[in-house]
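What follows is a single structure, written as structure tokens, with notes after it.
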Amino acid sequence: MTAILLRSSGWLGLALLALVAALAGADRGFAVHMAIVALAAALLGVTTAVRGNYSHQPAAPADLSGQYYDEVIRWGVIATVFWGVVGLLMGVVIASQLAWPLANLNSEFTTFGRLRPLHTSAVIFAFGGNALIATSFYIVQRTCRARLFMPGLARFVFWGYQLFIVLAATGYVLGVTESREYAEPEWYVDIWLTIVWVAYLAVFVGTIAKRHEPHIYVANWFFLAFIITVAMLHLVNNLSLPVSWLGSKSYSAFSGVQDALVQWWYGHNAVGFFLTAGFLGMMYYFVPKQADRPVYSYRLSIVHFWSLIFLYIWAGPHHLHYTALPDWAQTLGMVFSVMLWMPSWGGMINGLMTLNGAWDRVRTDPIIRMMVAALAFYGMSTFEGPMMSIKSVNSLSHYTNWTIGHVHSGALGWNGMITFASLYYMAPRLWGRQRLYSLRLVNLHFWLATLGIVFYTASMWVAGITQGLMWREYGGDGYLVYAFVEVVAAMHPYYIIRVAGGLLYFSGALVMAWNIGMTIAGRLRDEAPMAGAAFDPGRDRPLAPFAPAGAAALPAE
């Protein structure tokens with residue numbers, strides 16, 4: 001009882017301290033954020049006190065042998081779906097604002113400048129981050145045959161990460177930002193994320209350390225690289241000096257071209273390790289499991305891992321072509337970016353060839369179809385990216401909507417599709433259901449998402465090339481032919497097509513939310529079965545060995 005009261009008092013004390021900081025805050029954004037922290041700490045303190053065990057007899061320890069800790073993963077699935085819908089909705093809103101400026105609503109809180117970072121962070125860190133935390137906790141337990149290390153710390157990781165998301169999102173709307181791409185939150189939010197991320201690393205590594213499976217499956221290597229590298233990137237890029245300990249504003253430790261280089265070392269590797277390495281961890285587990293086939297080449301997966309990890313970290317300078325960055329550094333980034341094409345396609349081929357002997361299921365299983373589409377978009381984006389890093393191509397593509405099309409072909413096609421497929425795989429298993437509520441709704445989701453990506457990326461590719469060509473068109477007198485406003489006007493029809501594509505993709509996310517919600521509720525839709533796509537719990541058995549010597553198969557659920 002004493003321990004419970006101490007923990008509860010500690011959280012309530014933190015709430016009081018945060019409330020004092022809110023009242024003494026130097027600016028509105030800091031005050032609002034401290035009030036949010038105070039509310040969260042007070043809720044945690046009250047919850048700890050109410051749910052504590054006050055009996056004199058200690059609770060009998062439950063027999064947890066052979067069981068996995070999936071409660072936090074179930075929360076993660078729900079959070080991933082929720083933040084995915086929110087992030088995609090914000091994407092549709094800001095796309096509409098570019099097509100129709102009146103959609104900014106003449107309010108400082110709803111302008112494109114405030115909502116754009118809200119969209120990017122909601123999709124990358126809220127949707128993608130929750131998906132990575134949930135799937136990594138799911139996969140590491142099953143491939144290590146070990147219960148999650150320190151479940152209480154895992155719960156802290158989940159709820160602490162949600163607090164980070166709320167603080168970041170409200171900060172963007174209030175104008176509290178460091179103005180660093182993919183690293184917008186201010187100094188105190190960065191510190192909180194660092195604490196949460198160290199806890200995440202401890203849970204993941206602790207689970208691997210207590211494993212009962214001698215072999216560490218390759219998906220866990222990708223997740224481990226993602227967690228460690230993102231921590232390093234976050235710490236270096238967010239080195240800053242606060243103006244006041246009771247204010248939100250801070251200034252970066254770097255300046256000038258050094259600041260730009262550090263930012264794009266971070267920015268490109270956030271894509272490389274957060275949006276690539278982590279999601280490859282998903283691919284290497286869920287594709288073989290859903291296809292019920294061993295991975296095509298375990299040796300290739302190891303080569304894929306080490307070559308990708310080594311090459312990616314050097315590619316950031318290609319974002320700074322034709323700037324004050326020394327030319328040798330620009331060329332270094334370009335060369336490593338071009339070399340990245342090879343390991344990336346090695347991973348794509350490994351994933352697709354895993355379907356050897358099961359290609360008929362692409363026709364009958366919509367979850368497999370999503371995975372194949374994700375791998376196809378991964379291959380396309382990892383070819384287009386190196387091509388766009390070449391200086392002669394970059395001179396046309398950079399600062400245009402071509403880059404937007406490239407980013408979204410990867411984000412919507414690769415990250416979105418593999419996440420959707422992973423959620424569809426986990427949901428019935430986590431809640432002990434016979435199958436998903438509706439497999440035909442998965443099929444509908446696939447086609448809505450695919451059409452949305454086609455409309456979105458095709459319009460942005462055409463818009464970007466049009467922009468680049470108009471910007472560099474000179475007349476016989478040596479002056480530019482087109483004024484900047486004429487280039488903006490030429491983009492309008494493409495922006496409308498982009499909104500249509502975004503609406504289709506967002507509609508697919510709503511279908512997914514309904515489907516998973518009904519699955520959680522235990523409902524089954526009365527529909528004609530799709531041959532080969534039904535979830536049979538008895539079929540979820542160990543697969544064939546993944547490595548010829550000493551590497552164990554994926555264990556049964």
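Around the CH2 atom of Trp265, the shell of radius 6.0 Å holds more than 12 heavy atoms that belong to other residues, nucleotides or ligands. Counting non-hydrogen atoms of neighbouring residues, nucleotides and ligands closer than 6.0 angstrom, the CH2 atom of Trp264 exceeds 12 such neighbours. Within a 6.0 Å radius of CH2 in Trp306, no more than 12 heavy atoms belonging to other residues, nucleotides or ligands are found. Surrounding OH of Tyr251 are at most 12 heavy atoms belonging to other residues, nucleotides or ligands under 6.0 Å away. Residue Asp327 places its CG atom among more than 12 non-hydrogen atoms of other residues, nucleotides or ligands, all under 6.0 Å distant. Residue-environment remark: CZ (Phe383) stays at or below the threshold of 12 foreign heavy atoms within 6.0 Å.
The backbone N or O of His234 lies less than 3.5 Å from a partner atom in the side chain of Asn238, making a donor-acceptor pair. Glu178 places no side-chain N or O within 3.5 Å of a backbone atom of Glu184 that could act as its donor or acceptor partner. Side chain of Trp11 to main chain of Thr47: no donor-acceptor pair is present (N/O by atom type, distance under 3.5 Å, no hydrogens or angles). Judged by distance alone, the side chain of Asp27 and the main-chain N or O of Gly29 form a donor-acceptor pair under 3.5 Å. At distances below 3.5 Å, at least one donor-acceptor pair connects side-chain atoms of Tyr505 with backbone N or O atoms of Leu412. At distances below 3.5 Å, not a single donor-acceptor pair connects side-chain atoms of Ser344 with backbone N or O atoms of Trp341. Checking side-chain atoms of Asn415 against main-chain N and O of Leu275 turns up a donor-acceptor pair under 3.5 Å.
A salt bridge links Glu181 to Arg116: one of the charged nitrogens lies within less than 4.0 Å of a carboxylate oxygen.
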For a side chain to side chain donor-acceptor pair (under 3.5 Å) check, start with the C-alpha distance between Tyr495 and Ser96, then their side-chain angles and the critical distance, and finish with the verdict. CA-CA 8 Å; Tyr495 285 169; Ser96 301; over 6 Å; no

For Leu201 and Leu224, run side chain to side chain contact (heavy atoms under 4.5 Å, CB included): C-alpha distance rounded to whole Å, both residues' side-chain angles, the deciding distance at 0.1 Å, then the answer. CA-CA 8 Å; Leu201 177 63; Leu224 196 58; 4.2 Å; yes

Show your reasoning for whether ring-ring contact (aromatic ring centres under 6.0 Å, His included) applies to Phe127 and Phe82. CA-CA 8 Å; Phe127 172 64; Phe82 172 76; over 10 Å; no

One pair to check against salt bridge (charged side-chain N to carboxylate O under 4.0 Å, His left out): Asp190 and Arg180. What are the steps and the verdict? CA-CA 12 Å; Asp190 291 333; Arg180 303 178 76 83; over 6 Å; no

Report the C-alpha separation of Trp461 and Glu384 in whole Å, then their side-chain angles, then the decisive distance to 0.1 Å, and conclude whether the side chain to side chain donor-acceptor pair (under 3.5 Å) test is met. CA-CA 11 Å; Trp461 285 331; Glu384 185 184 30; 2.9 Å; yes

The test is side chain to side chain donor-acceptor pair (under 3.5 Å); show your working for His33 and Ser248 and say whether it passes. CA-CA 9 Å; His33 279 166; Ser248 60; over 6 Å; no

Dump the intermediate steps for side chain to side chain contact (heavy atoms under 4.5 Å, CB included) on Thr419 and Met282, then the final yes or no. CA-CA 8 Å; Thr419 300; Met282 291 188 208; 4.1 Å; yes

For Arg472 and Ser395: C-alpha separation, side-chain torsions, deciding distance, then whether side chain to side chain donor-acceptor pair (under 3.5 Å) applies. CA-CA 10 Å; Arg472 60 165 57 178; Ser395 66; 3.1 Å; yes

Start with the C-alpha distance between Trp100 and Leu102, add both sets of side-chain angles, then the distance that settles side chain to side chain contact (heavy atoms under 4.5 Å, CB included), and finish with yes or no. CA-CA 6 Å; Trp100 303 286; Leu102 288 177; 5.5 Å; no

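Using a 4.5 Å cut-off on side-chain heavy atoms (C-beta onward), Phe223 and Val140 make no contact. By the 4.5 Å heavy-atom criterion applied to side chains, Arg147 and Pro151 are counted as neighbours. With a 4.5 Å cut-off on side-chain heavy atoms, Ser250 and Glu186 count as touching. The side-chain heavy atoms of Gln162 and Ile165, taken from C-beta on, include a pair separated by under 4.5 Å. No side-chain heavy atom of Tyr68 sits less than 4.5 Å from a side-chain heavy atom of Ile73.
With ring centers used as reference points, Phe226 lies under 6.0 Å from Trp197. Residues Phe274 and Tyr182 keep their aromatic ring centres 6.0 Å or farther apart. Not less than 6.0 angstrom separates the ring centroid of Phe279 from the ring centroid of Phe222. Separation of the His318 and His268 ring centroids falls under the 6.0 Å cut-off. Annotation: His119 is not in aromatic contact with Phe112 [ring centroid separation under 6.0 Å not met].
In this structure, Phe158 and Trp75 have tilted ring planes: the angle between them lies in the 30° to 60° band. Between Phe125 and Phe164, the ring planes lie perpendicular to each other; the angle is over 60°, past the 30° to 60° tilted range. Using bins of under 30°, 30° to 60° and over 60° for the plane-to-plane angle, the ring pair Trp245/Trp187 lands in the perpendicular bin. A perpendicular orientation is assigned to the rings of Phe204 and Tyr200, their planes being inclined by more than 60° (bins at 30° and 60°).
For the atom pair CE of Met334 and OG of Ser389, the computed distance is 7.0 Å after rounding to the nearest 0.5 Å.
Taking both residues in full, the closest heavy atoms of Gly160 and Trp192 are given as O-NE1, 2.9 Å, listed atom of the first, atom of the second, then distance.
Side-chain contact annotation: Arg155 with Tyr69, donor-acceptor N/O pair under 3.5 Å present.
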